[in-house]
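One structure is given here, and the rest of the page talks about it.
Counting convention: from 1, in listed order, for ligands and their atoms alike.
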Amino acid sequence: MTGATNFTTGQLLGTVLAVQANFYQVQLDQEFGEMGKQDSSHPPMLLCTRRTRLKKIGQQVMVGDRVVIEEPDWSGGRGAIADVLPRQTQLDRPPIANVNQIMLVFAVADPPLEPYQLSRFLVKAESTSLDVVLCLNKSDLISPKIQQEISDRLVGWGYQPIFISVKNCINIDHLSKYLNHKTTVIAGPSGVGKSSLINSLVPNVNLRVGEVSGKLARGRHTTRHVELFELPSQGLLADTPGFNQPDLDCTPEELVYYFPEARARLAVASCRFSDCLHREEPDCAVRGDWERYPHYLQFLDEAIAYQTQRNQQADPESNLKLKTKGKGQTQYEPKLESKKYRRVSRKTQLQALQDLYQDSEE
Ligand code: GDP
Ligand code: ZN
């Protein structure tokens, strides 16, 4: 057996689909027979260890990593990871390498679509700088007219939502075209039909569905346990329980770029001040009559709180903080608001912890 040898490098290459303790489940690339023709048999999956050399240099192996395999034991289904190819992207929470895009799944009803929550997920997804696919499930529960209204509204936000119904099998084929040959992370609140969708996209996987059992099935996943599912179209799909209540931990300055409709405004005009935070500053190109501007202001407060907290951790002695004033000037002020910010941040953190705890306990 020739295995999945790469013809140009002579190396055996594969993708890490799951990590458990010190073992890595590696899906080898498509096999090629003697004549260079694609072998029709399914490419083998090997249970691999990490070479001591990699441990010594501190090279971690993540789900999604492209790896070089040595000494395959075909009959025993074992191998050793000798090298990790450079990562194109790296998500830390959940830990996955080489992700191409994020697919956000929300429901149009049951649970109702909450614009603020959706906005939060969108901003978090944008902050990864990966492509974002917005998928709205349970379209069977609403009329075409309501669907059109939701669509128009989200187009105003800069997105083209894909309406699906897992239950009635509407638009699933259309959606899967977006997933071909890509590694996609699926995220969204619970109860929107993510498990149902994965079941319908991935053959031979059987995630438990339903408000209670769905969460039970998810219980074995923690933020550390991530698994990639293979799609028939060569794509890979990851479920992400750790992404349920995203914290906004970007800097106040970059936040605006995570709103496509604000990016569009900045593409055709600029603010007078280069450090404009788009609040009350004069001649601001961003501030204005767009639907999510109030979301922007609210997330901005959160981003400032996060930054304040980070600065305090870096310099706990300092009792002054740099404050951006309305006219684009900055000045140092006593940290009057820091207590409030700190409290908010702790609360947010606690909330995130509780969410995680619930995720792993349920
Ligand atoms: P998850 O928590 O996001 O993984 O959601 P689940 O896949 O567990 O689904 C939650 C509930 O929504 C279950 O009762 C599903 O049967 C139901 N559901 C999933 N997809 C659809 C759909 O397209 N239409 C309707 N009406 N219900 C759906
Ligand atoms: Zn501005």
What atoms in ligand 1 come closer than 4.0 Å to a heavy atom of Ser195? 1 (P), 4 (O), 7 (O)
Vertex the Zn ion (ligand 2): angle to SG of Cys284 and SG of Cys276, to 10°? 110°
Within a distance under 4.0 Å of any heavy atom of Leu141, pick out the atoms of ligand 1 and give their elements. 26 (N)
Relative to the Zn ion (ligand 2), which of the N, O or S atoms in His278 is the closest? ND1
For Asp152, does the CG atom sit with more than 12 other heavy atoms under 6.0 Å from it, leaving out its own atoms? yes
Side chain, backbone, both or neither: the part of Val105 lying under 4.0 Å from ligand 1 by heavy atom: neither
Which of the numbered atoms in ligand 1 are under 4.0 angstrom from any heavy atom belonging to Val192? 3 (O), 5 (O)
Quick one: does Asn98's side chain have a donor or acceptor within less than 3.5 Å of a partner on Gly64's backbone? yes
Residue that, paired with Leu197, satisfies side chain to side chain contact (heavy atoms under 4.5 Å, CB included) out of Ile186, Leu237, Val202: Ile186
With heavy-atom distances below 4.0 Å as the criterion, list the atoms of ligand 1 near Asp140. 22 (C), 23 (O), 24 (N), 25 (C), 26 (N)
At less than 4.0 angstrom from any non-hydrogen atom of Ser165, what atoms of ligand 1 do you find? 23 (O)
Need the ligand 1 atom indices (1-based, order shown) with element for anything under 4.0 Å from a heavy-atom of Ser190. 2 (O)
Centroid-to-centroid, Phe299 to Tyr258, below 6.0 Å? no
Quick check against the 3.5 Å criterion: does Lys167 have a side-chain atom that pairs as donor or acceptor with the backbone of Ser196? no
Would Glu149 and Lys145 count as a salt bridge (charged side-chain N to carboxylate O under 4.0 Å, His left out) here? Give the steps. CA-CA 6 Å; Glu149 281 169 18; Lys145 184 170 167 281; 3.2 Å; yes
Check: Gln313 side chain, Asn311 main-chain N or O, donor-acceptor pair, under 3.5 Å: no
Short N-O contact, Asp73 and Arg78, less than 4.0 angstrom: no
Interfacing atoms of ligand 1 (cut-off 4.0 Å, heavy-atom, Gly193): 1 (P), 3 (O), 5 (O), 6 (P), 7 (O), 9 (O), 19 (C)
Taking distance alone, with no angle check, do Val166 and ligand 1 share an N/O pair under 3.5 Å? yes
Do any nitrogen or oxygen atoms of Asn168 come within less than 3.5 Å of a nitrogen or oxygen of ligand 1? no
